[in-house]
Trainee: 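Please find one structure pasted underneath; my questions will follow.
We count ligands from 1, going down the list as the structure has it; atoms in each ligand are counted the same way.
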Amino acid sequence: MEKLVVTGPTSLKGDVLIGGAKNAAVAILPATLLIDGECTIENLPNISDIKISCEILEKLGAKITWIDKNTIKIDTRHITTTKAPLDLTSKFRASYYIIGAMLSRMGEIEVGMPGGCKLGARPIDQHIKGFELLGAEVTVEKGTIYAKSKELVGCPVYMDIVSVGATINVMLSAVLAKGTTIIDNAAKEPHIVDVANFLNTMGADIRGAGTDVIKINGVEKLHGNATYSVVPDQIEAGTFMLAAVATQGNVTLKNCITKHLESITAKIIEIGGNVEDNGDSIRVWCDKRPRKANIKTLPYPGFPTDLQPQMGIVLSLADGTSIINESIWESRFQYTEELNKMGAKITAQGKTAVFEGVENLYGAPVYSSDLRAGAALVIAGTVAHGTTEIFNLEHIDRGYENIEEKFRKIGANIQRIKE
Ligand code: UD1
């Protein structure tokens, strides 16, 4: 078992290089199944979700060569099975992208229900609705999804709910379909645009990604022989921006797209922090206790749910009482119990939490309940007085490359210890 041991308080100062976006990369990898050829993908985050995605693709027949720790060459010419390995697909959420991609490529797939962070109910009815509208038959039996189609035909798909996963999955199933698919009420996250850009680079015809109407004109095939670099990770950048504010530090994030960070920037300024936008880098600093604020998580361009726990640390230390309303996931406040062990005063009920700001947090043993909660606890450990031990690191390692090295580089006293 491994744990992170953080001793604080530390004011974080220095530069952090932001990696490729996990949520784009976990969709781009299955999207390579649509290509009857070879391509190179750069700026992949070196995290466990990516390693497992690559293992799944290899089990389906793809050949993967690691060029360096963030670049692969992938050859998807020979897909040899339509059964995805259940033990691997159950390990993370984005394994559902195998369905859209394999329906397009092979017309058939058998895959286990996706795993991932336990954030409350995570239905996939909108994915299934989209596949069925395009002509697939989908059944779910004893935790396994069976999907098949003789021919996928483009059509209008109205999403009843704004869903990142369903938008990308329907896009994957529509790229090689006959005719035009129009996704209405689509999600607009930067990773959706990135997946569309990747597919278009390979010969797809997708327009409107980043707006709520996406039009996909089906093409006969996608060519390989191209190199694509994954977009910088909005959530990793936001995590370090909020770490800078929580620790009253001064941190510059290199290799980020500042436009993707506008909702976070606006909130940081509202609570008294400072943000300097330099185009492909952003400097965040804070020299006083942050002010209270109210937050409601929303689909992009609203405040992202994946930064809600990190913002929770900042508000638990703010001057005054703040309220967070979580509108996407029903169980995203599990981290508040851990923060209360460290001296925070948070009352969470359902989708609302009230943060009565305290002046200091104190080190304690804490357990990461999910990926972003884990990142938030690393920030909490850095700002807290004394030593914090963080357990359940497998969640953090699913989504952050070398989290402790990046925090250490900007001054945190943090070690990974094997027990
Ligand atoms: C993705 C992100 C996750 C992020 C979330 C919201 C990936 C791999 N994960 O998850 O980190 O927290 O977006 O920004 O990109 N819903 C349905 N039916 C569906 C699909 C979704 O009711 O078929 C609901 C969900 O329960 C949730 C909301 O829609 O309440 C948004 O979910 P969705 O955007 O689909 O999240 P994910 O794609 O799973």
Trainee: List the residues meeting side-chain contact (heavy atoms from CB on, under 4.5 Å) with K345, not counting sequence neighbours, and say none if there are none.
Mentor: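 Listed in chain order: E356, V358.
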
Trainee: Specify side chain, backbone, both or neither for T305, according to which of its non-hydrogen atoms lie closer than 4.0 Å to ligand 1.
Mentor: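 It is the side chain that touches ligand 1; the backbone stays farther off.
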
Trainee: Verify the distance criterion only: is there a donor paired with an acceptor across the side chains of Y97 and S53 at less than 3.5 Å?
Mentor: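 No pair is found: no donor N or O on one side chain lies under 3.5 Å from an acceptor on the other.
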
Trainee: Nearest heavy atom to atom 30 (O) of ligand 1 wins, so pick from T297, I328, V195, I168.
Mentor: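 Answer by nearest heavy atom: I328.
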
Trainee: Who are the side chain to side chain donor-acceptor pair (under 3.5 Å) partners of R291, not counting sequence neighbours?
Mentor: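 Applying side chain to side chain donor-acceptor pair (under 3.5 Å) to R291 gives none.
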
Trainee: Short list, please: which atoms of ligand 1 are under 4.0 Å from a heavy atom of H127?
Mentor: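 What qualifies from ligand 1 is 23 (O).
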
Trainee: Does even one non-hydrogen atom of P123 get within less than 4.0 Å of ligand 1?
Mentor: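 The answer is yes: ligand 1 sits under 4.0 Å from a heavy atom of P123.
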
Trainee: Taking the side chain from T76 and the backbone from G37, do they hold a donor-acceptor pair closer than 3.5 Å?
Mentor: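 Yes, because the side chain of T76 sits within donor-acceptor range (under 3.5 Å) of the backbone of G37.
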
Trainee: May I ask whether F92 places a heavy atom under 4.0 Å from ligand 1?
Mentor: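 Judged by the 4.0 Å heavy-atom criterion, F92 does not count as contacting ligand 1.
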
Trainee: Any N or O of W329 that comes nearer than 3.5 Å to an N or O of ligand 1?
Mentor: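 So ligand 1 has an N or O lying under 3.5 Å from an N or O of W329.
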
Trainee: Tell me whether D125 has any N or O atom under 3.5 angstrom from an N or O of ligand 1.
Mentor: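 Looking only at distances, the answer is yes, because the N/O contact criterion of under 3.5 Å is met.
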
Trainee: Could you grab the distance from atom CG of D233 to atom OG1 of T239, nearest 0.5 Å is fine?
Mentor: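 Here the rounded value is 7.5 Å.
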
Trainee: Mark up the atoms of ligand 1 that fall under 4.0 Å of a heavy atom belonging to G165, in ascending order.
Mentor: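 Checking each atom against G165, I get 35 (O), 38 (O).
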
Trainee: Side chain, backbone, both or neither: which applies to D306 and ligand 1 if a contact is any heavy-atom pair less than 4.0 Å apart?
Mentor: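 Side chain only; the backbone of D306 stays clear of ligand 1.
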
Trainee: Please determine whether a side-chain nitrogen of the Lys or Arg among D306 and K22 lies less than 4.0 Å from a carboxylate oxygen of the Asp or Glu.
Mentor: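 Looking at K22 together with D306, the answer is no, because their closest N to O distance does not fall below 4.0 Å.
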
Trainee: For ligand 1, which atoms have a heavy atom of R332 less than 4.0 angstrom away?
Mentor: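 Selected atoms, number and element: 12 (O).
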
Trainee: Please work out, at 4.0 Å between heavy atoms, whether the side chain, the backbone, both, or neither of Y300 comes within that distance of ligand 1.
Mentor: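 It is neither part, as no heavy atom is under 4.0 Å.
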
Trainee: Please work out whether the ring planes of F407 and F240 are parallel, tilted or perpendicular, with thresholds of 30° and 60°.
Mentor: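 Tilted: the ring planes of F407 and F240 meet at 30° to 60°.
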
Trainee: Stepwise, does the salt bridge (charged side-chain N to carboxylate O under 4.0 Å, His left out) test hold for E338 with K341?
Mentor: CA-CA 5 Å; E338 304 306 296; K341 288 184 197 163; 2.9 Å; yes

Trainee: Show your reasoning for whether side chain to side chain donor-acceptor pair (under 3.5 Å) applies to D370 and Y335.
Mentor: CA-CA 8 Å; D370 60 75; Y335 72 94; over 6 Å; no

Trainee: Against heavy atoms of Q126, which atoms of ligand 1 measure under 4.0 Å?
Mentor: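 Atoms satisfying the 4.0 Å criterion: 18 (N), 19 (C), 23 (O).
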
Trainee: Look at atom 34 (O) of ligand 1 and find which of D160, V26, V164 reaches it with the closest heavy atom.
Mentor: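 It is V164 whose heavy atom sits nearest to atom 34 (O) of ligand 1.
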
